[in-house]
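What you see is a predicted model, and the numbers here were worked out from it, not measured in a lab. We're numbering straight along the sequence, starting at 1.
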Amino acid sequence: MEPVQKKKLYVEVLDRLMAAISTSEFPPGSQLPSEKELMTMIGVGRPSIREAMLTLQQMGLIRISHGERARVINPTPEVIVDQVSAAMVMMLATNSRGLEELKEVRLLLETGLVRIATRRATARSLERLAETLRHLRDAKGDQARFVAADMEFHAVIAEMSGNSMIAAVVKGMLEWLSRFKRDLVAVKGERLTVEEHERIYKAIAGGDAEGASVAMAEHIGRANELYSKLAGGGAG
């Protein structure tokens with residue numbers, strides 16, 4: 001049996017601050033006490049306070065601005081995903097299986113997501129989705145605009161689910177894929193891509209959740225194969 005490890009002092013401070021934030025002693029939007037005040041309140045030195053505060057900022061729980069007290073921010077799904085984005089892109093660049101695993105996650109997530117989006121579609125959300133299709137058609141021949149319109153289409157479907165966590169993760173995945181080896185993201189088979197998006201849209205608009213899922217699986221499956229070829233036949 002391993003001996004109990006004593007926590008580092010800054011971890012104790014971190015636990016105290018996180019407890020204060022989670023119990024609404026310091027709600028989102030409020031400012032934390034100054035470093036000097038925290039030193040007095042908790043009874044520790046400045047290095048422990050600063051390390052704990054830096055960790056809170058890295059976790060996306062506070063924002064530190066020069067000359068101001070740290071402010072507690074609302075840990076929304078978007079903020080959390082944004083916090084891990086740089087690490088995810090690095091993992092894709094260094095982990096030989098990273099890209100393949102991300103593609104598998106995307107396939108599973110988006111084929112299930114589109115079912116929820118179909119069931120929860122409204123006239124307004126369908127119009128937004130139709131607008132992204134128009135953007136996609138208009139962007140043919142312009143690589144940057146075409147890729148952006150493609151991502152926009154999938155992001156709107158994610159938002160249609162009404163689940164902020166799912167929407168944030170999907171948007172994060174799209175961003176990670178676009179940022180990883182940007183030179184590999186190219187417009188290939190534009191006509192087919194537009195047709196696939198149209199099939200997905202028609203299934204959603206028709207209330208056909210199963211058809212939308214199948215169309216999404218075919219679209220992402222083809223995109224995954226293409227991405228692997230562009231990457232040299234592998235995940236690296």
Side-chain angles (χ1 to χ4, degrees), residues 4-95 98-99 102 105-106 109 128 132 135 144-145 147-152 154-156 158-185:
V4 175
Q5 297 293 319
K6 186 176 180 180
K7 287 185 179 179
K8 291 184 178 180
L9 194 54
Y10 92 89
V11 176
E12 301 255 2
V13 177
L14 179 64
D15 289 345
R16 291 275 296 275
L17 290 173
M18 287 185 66
I21 292 172
S22 63
T23 57
S24 295
E25 182 178 344
F26 299 115
S30 67
Q31 289 184 313
L32 292 177
S34 66
E35 285 185 358
K36 187 174 181 180
E37 289 171 331
L38 287 172
M39 288 166 59
T40 301
M41 292 166 60
I42 303 177
V44 297
R46 192 180 300 273
S48 295
I49 295 294
R50 286 188 171 175
E51 193 164 1
M53 297 282 274
L54 180 60
T55 302
L56 284 174
Q57 179 175 243
Q58 292 170 340
M59 294 168 68
L61 296 179
I62 65 172
R63 180 178 294 110
I64 300 175
S65 301
H66 182 67
E68 296 182 6
R69 293 185 181 186
R71 187 176 298 277
V72 179
I73 59 178
N74 189 19
T76 63
E78 291 82 4
V79 169
I80 295 170
V81 170
D82 186 59
Q83 288 294 315
V84 303
S85 287
M88 282 297 301
V89 173
M90 180 62 69
M91 187 200 75
L92 290 174
T94 59
N95 184 342
L99 180 58
L102 180 58
V105 171
R106 183 190 176 195
L109 188 58
R128 284 191 63 212
T132 68
H135 293 167
R145 285 181 58 215
V147 171
D150 190 348
M151 291 176 62
E152 181 188 20
H154 290 273
V156 169
E159 292 173 4
M160 288 171 66
S161 71
N163 187 313
S164 61
M165 289 188 182
I166 294 177
V169 171
V170 168
K171 289 178 182 178
M173 286 194 304
L174 294 170
E175 176 66 16
W176 301 333
L177 284 168
S178 72
R179 287 173 58 187
F180 172 64
K181 292 191 175 180
R182 288 181 184 273
D183 56 309
L184 297 182
V185 181

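E25 contributes atom CD, which lies 9.0 Å from atom CZ of R16 (distance to the nearest 0.5 angstrom). One distance of note links CE of M160 with CZ of R128; it measures 9.0 Å at 0.5 Å rounding. To the nearest 0.5 Å, atom OG of residue S30 and atom CD1 of residue I73 are 11.5 Å apart. Atom-to-atom distance recorded for H154:NE2 and E159:CD is 13.5 Å, nearest 0.5 angstrom. Of the inter-residue distances, the one linking L61 atom CG with F26 atom CZ reads 13.5 Å to the nearest 0.5 angstrom.
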- [ ] Apply side-chain contact (heavy atoms from CB on, under 4.5 Å) to the pair I21 and I62, showing each step before the final yes or no.
- [x] CA-CA 10 Å; I21 292 172; I62 65 172; 4.3 Å; yes

TODO: List the steps, then state whether side-chain contact (heavy atoms from CB on, under 4.5 Å) holds for M53 with L14.
DONE: CA-CA 7 Å; M53 297 282 274; L14 179 64; over 6 Å; no

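Checking side-chain atoms of S34 against main-chain N and O of E37 turns up a donor-acceptor pair under 3.5 Å. In terms of modelled atom types and a separation under 3.5 Å, the side chain of R71 and the main chain of G29 share a donor-acceptor contact. Judged by distance alone, the side chain of S22 and the main-chain N or O of M18 form a donor-acceptor pair under 3.5 Å.
In this structure, L174 and R106 have side chains that are in contact, with non-hydrogen atoms separated by less than 4.5 Å. Using a 4.5 Å heavy-atom cutoff, the side chains of H135 and R145 are not in contact. Inter-residue side-chain proximity for R46 and S48 is flagged as unmet; no heavy-atom pair is nearer than 4.5 Å. Taking the side chain as every heavy atom from C-beta outward, M173 and L109 approach each other to under 4.5 Å. At a threshold of 4.5 Å between non-hydrogen side-chain atoms, the residues M59 and T55 count as touching.
Here the rule is side-chain contact (heavy atoms from CB on, under 4.5 Å) with P33, and of L38, I49, T40 only L38 fits it.
Residues A52 and L17 come closest through the heavy atom pair CB-CD1, 4.3 Å. P27 and S24 get closest at one heavy-atom pair: CD-O, 3.5 Å.
Enclosure of atom CE in M151 by more than 12 non-hydrogen atoms of other residues, nucleotides or ligands within 6.0 angstrom is indicated.
Look at E51 and K8 and you find no salt bridge, because none of the NZ, NE, NH1 or NH2 atoms lies under 4.0 Å from a carboxylate O. A salt bridge does not link E35 with R69: none of the charged nitrogens is closer than 4.0 Å to a carboxylate oxygen.
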